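Reviewing the structure listed below.
What you are looking at is a predicted structure, and each value in this text was computed from that prediction instead of being measured.
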Amino acid sequence: VEVPDPVPGQILVRNTWMSIDAAMRIRMSEGGSYLPPYEVGSPLDGGAVGEVVESRAAGFAPGDAVWHMVGWRDYALLPIDDTTFPAAYAPTTVAVDETTLPQAYLGPLSLVGLTAYAGLLDVAQLHAGDVVWVSGAAGSVGGLAVQIAKLRGHTVIGSAGSPEKVAYVLDELGADAAFNYRDGDVVELVRDAAPDGIDVYFDNVGGDHLEAALEALRPGGRVALCGAISIYNETGEATPGPRNLFHAVSKGLNLRGFLAGEFVGRLEEFRTVMRGWLAEGRVHYPESIFEGLEQGPAALMALLRGDNVGKVLVRIA
Ligand SMILES: NC(=O)c1ccc[n+]([C@@H]2O[C@H](COP(=O)([O-])OP(=O)(O)OC[C@H]3O[C@@H](n4cnc5c(N)ncnc54)[C@H](OP(=O)(O)O)[C@@H]3O)[C@@H](O)[C@H]2O)c1
């Protein structure tokens, strides 16, 4: 299509990077998501950064770096007062320099980073001495959750889907123990990794991982229900919930689901903390980069297969 001209109240942005997120798969099913489902025959959307080409809205000037939710295209025409998305997803200018690259706003400085941070601090209510298990530990959210929990002095167990990822979680992210969930029964794998049990489970996976956490949690334990990627590709009958949920009653557990957008009021505070960690080299954040918009579908399928370590990105220009 022709690149449109912005009308008053709109900006035109040339996208340079887009984020590939597990949540994009949820939006390919009807009714399963907190964001509107994708429509067959219409362009997808999702987190992106780019540069303002033309502005007819106050607060945005040509050349500004902008984060927004209209990826999966070369150019995005953005109504600044758009109400299609929740306020947390409104376009914002972002500060870019030699040390803070634009794509950081799709990674450690983004809602992905805030997911890990608020999921641990606000949702799981981390406190001193907690033993923490993070699933999906080699991925984008999980990798940050492992490191944030370590930076706060916790004993951390990570789980992921290959021996290479387990090595990465131990050696690069600094987890105290890690296991490959494909190596056997997850209940036993968690027991081996944390013989005395866990206090916090940061759940990116759901299914058998959540059941294993309910077994391993000590009284008063907490679960941050962040995602359930093990069920996103389901097309038949929905998987029943954890069969051992009664542990929540008998052990007084607190399971809480959350979306990062709920904590957007903490985004600037979180970015200040994370910028400090990044500047000190205390947070590793590898990127799995796909070149060109046409690689978007392959990038999403790679994420769902688990080919990625760290953040999956598509470089558009
Ligand atoms: N609550 C929120 O606001 C929020 C925000 C962002 C993301 N999330 C959630 O966070 C989770 C991670 O998302 P992400 O975008 O950061 O993706 P990611 O972790 O970078 O990539 C997804 C990873 O999931 C793992 N995986 C795929 N199928 C699996 C299965 N059946 N069982 C176990 N692991 C599986 C794969 O690694 P392996 O090789 O280890 O299998 C893959 O690398 C998702 O559940 C997502 O929905 C929640």
Side-chain angles (χ1 to χ4, degrees), residues 22 115-232 239-258 306:
T115 304
Y117 187 76
L120 287 169
L121 273 56
D122 295 287
V123 181
Q125 302 267 311
L126 271 190
H127 48 254
D130 281 345
V131 175
V132 181
W133 171 27
V134 179
S135 59
S140 167
V141 172
L144 285 173
V146 168
Q147 295 178 89
I148 292 169
K150 277 310 299 173
L151 283 162
R152 295 182 67 88
H154 294 276
T155 299
V156 181
I157 295 121
S159 58
S162 72
E164 295 75 20
K165 287 188 180 185
V166 167
Y168 161 76
V169 171
L170 288 169
D171 301 340
E172 304 292 323
L173 303 186
D176 301 278
F179 64 86
N180 176 357
Y181 65 83
R182 299 181 206 273
D183 276 350
D185 179 54
V186 185
V187 173
E188 283 169 24
L189 293 165
V190 179
R191 196 177 292 135
D192 290 346
D196 297 328
I198 61 172
D199 304 290
V200 165
Y201 173 49
F202 190 103
D203 189 17
N204 286 313
V205 171
D208 59 351
H209 286 55
L210 180 54
E211 287 190 348
L214 289 166
E215 295 297 327
L217 279 156
R218 297 195 271 232
R222 287 138 280 138
V223 179
L225 296 168
C226 174
I229 197 164
S230 67
I231 63 166
Y232 295 170
T239 304
R243 291 164 295 184
N244 54 354
L245 188 59
F246 190 71
H247 282 315
V249 177
S250 52
K251 294 195 251 185
L253 307 177
N254 187 353
L255 287 71
R256 188 185 156 197
F258 72 103

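- Residues Ala193 and Ile157 share a closest heavy-atom pair of CB-CG2, 3.8 Å.
- Between Ser159 and His209 there is a side-chain heavy-atom pair separated by less than 4.5 Å.
- The two residues Gly207 and Ser230 make their nearest non-hydrogen contact at N-OG, 3.8 Å.
- In this structure, Arg256 and Arg222 have side chains that are not in contact, with every pair of non-hydrogen atoms separated by 4.5 Å or more.
- Checking side-chain atoms of Gln147 against main-chain N and O of Gly143 turns up a donor-acceptor pair under 3.5 Å.
- A 4.5 Å side-chain heavy-atom check between Val166 and Phe179 finds every atom pair outside the cut-off.
- Looking at heavy atoms from C-beta onward, Asp196 lies out of side-chain contact with Val131 at the 4.5 angstrom threshold.
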- request: Evaluate the side-chain contact (heavy atoms from CB on, under 4.5 Å) criterion for residues Leu210 and Val223: first the C-alpha distance (whole Å), next the side-chain angles of each, then the deciding distance (0.1 Å), finally the verdict.
  value: CA-CA 9 Å; Leu210 180 54; Val223 179; 4.1 Å; yes
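- The heavy-atom pair separating Ala145 from Ala116 by the smallest distance is N-CB, 3.6 Å.
- The two residues Val134 and Ala137 have their closest heavy-atom pair at O-CB, 3.6 Å.
- Checking side-chain atoms of Lys251 against main-chain N and O of Leu214 turns up a donor-acceptor pair under 3.5 Å.
- Side-chain contact check for Leu217 versus Trp133: every heavy-atom pair is 4.5 Å or farther apart.
- Judged purely by atom type and a 3.5 angstrom limit, Asp192 has no side-chain atom pairing as donor or acceptor with the backbone of Leu189.
- Minimum heavy-atom separation, Val190 to Ala216: CG1-CB, 3.7 Å.
- A donor-acceptor pair under 3.5 Å is absent between the side-chain atoms of Asp130 and the main chain of Val132, judged by distance alone.
- Of the residues listed (Val123, Leu225, Asp122), the one engaging Phe258 in a side-chain contact (heavy atoms from CB on, under 4.5 Å) is Val123, and it is the only one.
- We find the CG-CD distance between Asn180 and Glu164 to be 9.0 Å, quoted to the nearest 0.5 Å.
- For the pair His154/Asp199, no side-chain contact is recorded, criterion being any heavy-atom separation below 4.5 Å from C-beta on.
- Residues Val156 and Val169 have side chains not in contact (no heavy-atom distance under 4.5 Å, counting atoms from C-beta outward).
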- prompt: What's the verdict on salt bridge (Lys or Arg N to Asp or Glu O under 4.0 Å) for Asp176 and Lys150, showing C-alpha distance, side-chain angles and the deciding distance?
  reply: CA-CA 9 Å; Asp176 301 278; Lys150 277 310 299 173; 2.9 Å; yes
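- The main-chain N or O of Asn204 is found under 3.5 Å from a side-chain atom of Ser135 such that the two form a donor-acceptor pair.
- With rounding to the nearest 0.5 Å, the separation of CG in Leu245 from CG in Leu255 is 6.5 Å.
- The neighbour count for Arg152 CZ, taken as heavy atoms of other residues, nucleotides or ligands under 6.0 Å away, does not exceed 12.
- The heavy-atom pair separating Gly158 from Ala175 by the smallest distance is N-CB, 4.4 Å.
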